[in-house]
Amino acid sequence: MHDPTPQRPGATEGAGPLSALERTVLAAVLAGEGEGLGVLRKQLVRATVLSRTHSGVGFVTRLGIPDEVLPVSEAATPRLRPVHATHPRLAESAQFLLQLRSGRLAVLEAYCFEGAWPADESEFQVVG
């Protein structure tokens with residue numbers, strides 16, 4: 001995702017840092033007020049990529065959060081909304097979904113509704 005060369009479907013990258021697009025999208029998903037969102041934003045600061053798998057129409061990024069970073073309690077777990085982003089090479093916006101597991105950031109899924117995932121992710125603009 002750092003290289004503007006398109007990844008072949010099924011290609012998996014190993015551990016590493018979050019991409020600029022992933023950080024921007026995760027910040028948008030976690031924007032807002034509330035104890036749970038605050039806890040998840042603290043997790044985001046320490047988040048790393050465990051793996052990233054490309055599908056041809058998006059990607060699935062498994063996130064790692066260090067054990068010493070507190071999880072969000074079940075009572076404070078916020079309802080997370082999908083985030084959309086536009087790209088000049090896509091006819092429709094792409095959608096991003098964040099999954100939590102045991103109160104921790106776990107998986108970011110990205111996909112486009114039409115066409116192939118653009119190689120140059122720097123042109124994405126989060127629209128909500």
**Request:** Verify side-chain contact (heavy atoms from CB on, under 4.5 Å) between V69 and V45, making sure each step is shown before the conclusion.
**Result:** CA-CA 10 Å; V69 178; V45 170; over 6 Å; no
**Prompt:** Quick one: are E92 and T86 in side-chain contact, heavy atoms under 4.5 Å?
**Reply:** no
**Item:** Point-to-point distance, once rounded to the nearest 0.5 Å, from OG1 of T61 to CG of L21
**Value:** 9.0 Å
**Item:** Members sharing L50's hydrophobic cluster (side chains within less than 4.5 Å)
**Value:** none
**Message:** Tell me if a side-chain donor or acceptor on E22 pairs with a main-chain N or O of V49 at a distance below 3.5 Å.
**Reply:** no
**Item:** Transitive ILVMFWY cluster of V127, excluding itself - 4.5 Å side-chain cut-off
**Value:** none
**Prompt:** Is L98 close to V107 at the side-chain level, that is, under 4.5 Å between some pair of heavy atoms?
**Reply:** no
**Message:** Can you give me the closest heavy-atom contact between A28 and V126, atom names plus distance?
**Reply:** CB-CG1, 3.9 Å
**Prompt:** Who are the side-chain hydrogen bond (donor to acceptor under 3.5 Å, both in side chains) partners of R89, not counting sequence neighbours?
**Reply:** none
**Item:** Interatomic distance, L40 atom CG to L70 atom CG [nearest 0.5 angstrom]
**Value:** 11.5 Å
**Prompt:** Do E68 and R46 come within less than 4.5 Å of each other through their side chains, counting heavy atoms only?
**Reply:** yes
**Asked** What pairs meet the ring pair (Phe, Tyr, Trp, His ring centres under 6.0 Å) rule with one or both residues in residues 68-91, with sequence neighbours excluded?
**Response** H87-F124
**Message:** Nearest 0.5 angstrom please: L26 CG to T24 OG1, how far?
**Reply:** 9.0 Å
**Item:** Qualifying salt bridge (Lys or Arg N to Asp or Glu O under 4.0 Å) pairs, either residue in residues 101-117, two or more places apart
**Value:** none
**Asked** Quick one: hydrophobic cluster around L97, which other residues, with the 4.5 Å side-chain cut-off, linked directly or via members?
**Response** Y111, F113
